[in-house]
Amino acid sequence: MRGIMDPTARIRLSLGFVSIAINMIFGKDRGRKNLLSPGGIEVLYSAYFSKICMGDIAGMLDISPSSATDLVNYLEREGFVRRVQDTENRRSILVVPTEKGEEWILDTEEKLFGFLEVRMAHLSLDEQLLFADLCARFTGVYDSDSLSSSVRSLRRESGFERVPLIFRREGRLVRLEEAVDARYVSAGWEGDEMNTTPKIESRIPETCDGIQDEVTTEEYDRMQRGLRDEGHLPVHELAGCTREGDHALEIGPGPGYLGLEWLTHTEGTHLTGLEISPAMIAIAERNAREYQHSDRAAYKEGNALSMPFPDNTFDCAFSNGSMHEWENAGQVFSEILRVIRPGGVVFVSDLRRDLSPEIFGYMRDSCLEPEIRKGFETSVRASYTQEELETLLDGIGFSRLQVIAHPYGLVVSGEK
């Protein structure tokens with residue numbers, strides 16, 4: 001790739017090198033069948049660091065139970081794991097590493113940590129700390145729990161967002177470096193600009209009254225229905241952090257699609273939506289009837305700054321795309337803490353103000369109605385950055401609360 005590249009293209013090259021190095025460490029670069037497949041490695045590591053039973057493996061790898069059994073049989077034949085009876089549950093069979101399996105992990109980790117230490121030696125101590133922090137923010141992985149959650153999320157999505165790089169010119173495929181240069185180098189990343197940080201405007205609060213007029217609510221409903229049909233609502237992530245039979249609070253449900261999809265993907269659950277706009281409540285109730293979930297979903301008019309519910313009412317609380325409209329986000333999270341039960345979870349997703357120009361343009365152009373497009377622009381300006389939100393939520397009182405940044409927005413997840 002020629003010339004000066006922007007951060008995305010430079011990171012792509014660095015990740016390519018890291019991928020090759022990791023494949024070499026795991027013995028995946030030799031052009032022949034390896035003793036351990038990626039799935040086998042994940043089972044071995046999971047068995048080493050946590051307690052897993054046979055029934056866990058199929059769901060963990062998103063494979064059939066018979067395939068999971070075949071995989072464990074192979075690992076057992078090769079001497080990496082063994083099956084033992086769970087002393088705490090006589091009906092459960094655990095998969096545990098043998099000494100050979102443990103030695104394989106320790107040998108691999110010696111090489112991994114050696115690779116990291118050698119490369120980190122290129123940096124000063126302050127740079128090492130900064131790099132580690134940036135890597136955590138880049139990946140959204142801060143600890144073993146967030147690693148497991150991120151891996152599950154990737155599997156549920158069954159893929160990644162794409163940047164269009166397949167083009168034909170005069171009947172031939174354009175080469176990768178040409179496509180990348182056209183997208184990134186020509187986009188203005190030249191010279192000293194590589195060392196500058198794009199200026200992020202100060203947050204400009206949007207209306208805290210929601211969308212009230214019937215015409216705009218219908219347009220918004222059409223847009224949200226389109227997002228649902230294209231699979232852009234975080235329903236799988238939400239379903240993954242809630243339990244059968246939960247009673248959930250949805251804050252700012254709008255036309256209600258996320259909560260109604262959540263009901264569809266869960267068993268025995270119930271939903272209460274707190275919405276400030278009566279016009280939106282009417283549409284959400286209409287959509288609930290369409291989903292045939294009227295017996296499981298109820299909507300109440302109210303302001304999230306002072307929720308009309310007793311303490312410890314709900315098992316979980318979630319919201320998507322409304323946090324930027326909250327007059328005082330810190331106060332709303334304090335109210336969430338009050339109305340969910342001990343052990344209850346919170347999952348709030350929204351836009352981020354520091355969207356990349358490419359993603360901002362893509363999302364804005366996806367808004368077909370002029371009023372919705374204008375509303376999207378003001379919503380982005382009213383949204384938070386990860387750093388702002390982390391400062392805002394510090395000390396509210398959740399036992400766990402994490403702000404994760406991804407290219408399209410922010411996710412706040414936690415537990416009371």
Side-chain angles (χ1 to χ4, degrees), residues 149 152-153 156 210 224-225 227-228 231-277 280-281 283-323 325-326 329 331-350 393 396-404 409-416:
S149 175
R152 286 196 301 270
S153 178
R156 284 194 298 268
Q224 289 291 310
R225 185 177 288 250
L227 292 176
R228 176 204 64 182
H232 292 318
L233 298 181
V235 60
H236 294 294
E237 294 90 333
L238 180 59
C241 67
T242 53
R243 298 159 298 187
E244 181 177 347
D246 274 355
H247 183 186
L249 169 67
E250 183 177 13
I251 302 144
Y257 290 112
L258 177 60
L260 294 170
E261 286 289 316
W262 175 75
L263 289 173
T264 301
H265 287 81
T266 54
E267 296 291 335
T269 50
H270 289 81
L271 174 74
T272 296
L274 180 64
E275 172 60 53
I276 201 169
S277 167
M280 279 295 186
I281 289 177
I283 291 179
E285 290 175 339
R286 181 186 70 195
N287 289 334
R289 291 192 293 271
E290 180 181 315
Y291 272 83
Q292 298 183 350
H293 287 334
S294 295
D295 58 333
R296 297 170 62 192
Y299 299 93
K300 185 175 182 66
E301 183 179 349
N303 192 317
L305 291 173
S306 180
M307 297 185 184
F309 309 112
D311 296 356
N312 305 318
T313 299
F314 302 99
D315 299 295
C316 58
F318 59 83
S319 178
N320 179 56
S322 73
M323 180 169 58
E325 295 186 352
W326 300 348
Q331 174 63 26
V332 175
F333 274 95
S334 295
E335 280 291 275
I336 291 173
L337 182 66
R338 179 182 66 81
V339 301
I340 62 175
R341 300 184 178 105
V345 297
V346 56
F347 184 94
V348 175
S349 53
D350 199 11
L393 301 179
I396 284 184
F398 287 86
S399 64
R400 177 182 63 83
L401 200 63
Q402 181 181 11
V403 181
I404 300 172
L410 301 173
V411 175
V412 181
S413 65
E415 183 176 340
K416 180 174 179 177

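Closest of all the heavy-atom pairs between C316 and I340 is C-CG2, 4.0 Å. The minimum heavy-atom distance linking G254 with A284 is given by the pair O-CB, 3.5 Å. Taking both residues in full, the closest heavy atoms of R289 and S294 are given as CG-OG, 3.2 Å, listed atom of the first, atom of the second, then distance. Nearest approach of V345 to C241, heavy atoms of both residues: CG2-O, 3.3 Å. Taking each heavy atom of L305 and N303 in turn, the nearest pair found is N-OD1, 2.9 Å. The two atoms that bring S349 and N320 nearest to each other are OG-OD1, 2.6 Å, heavy atoms only.
Within the 4.5 Å cutoff, side-chain heavy atoms of V403 are placed close to those of V412. Taking the side chain as every heavy atom from C-beta outward, I281 and K300 never approach each other to under 4.5 Å. Within the 4.5 Å cutoff, the side chain of V348 has heavy atoms near those of the F333 side chain. Side chains of L260 and N287 form a contact here, defined as non-hydrogen atoms less than 4.5 Å apart. Between L401 and V346 there is a side-chain heavy-atom pair separated by less than 4.5 Å. Y299 has its side chain within reach of L271: a pair of non-hydrogen atoms, C-beta onward, lies under 4.5 Å apart.
For the side chain to side chain contact (heavy atoms under 4.5 Å, CB included) test, residues two or more places apart in sequence or in another chain that qualify with E261 are R228, V235, H265, Y291. Considering only residues two or more places apart in sequence or on other chains, R225 meets the salt bridge (charged side-chain N to carboxylate O under 4.0 Å, His left out) condition with E290.
Between the side chains of T242 and W262, at least one donor-acceptor pair of N or O atoms lies under 3.5 Å.
Within the 3.5 Å criterion, the main-chain N or O of H247 finds a donor-acceptor partner in the side chain of D315. A donor-acceptor pair under 3.5 Å is formed between the side chain of K416 and the backbone N or O of L337. For E250 (side chain) and F318 (main-chain N/O), no donor-acceptor pair under 3.5 Å exists by modelled atom type. The closest donor-acceptor contact from the side chain of S399 to the backbone of E415 lies under 3.5 Å.
Within a 6.0 Å radius of CD in Q292, other residues, nucleotides and ligands contribute 12 heavy atoms or fewer.
Here the CG atom belonging to L274 is positioned 6.0 Å from the CG atom belonging to L249, to the nearest 0.5 angstrom. Put simply, CZ on R296 and CG on L263 are 4.5 Å apart, with the number rounded to the nearest 0.5 Å.
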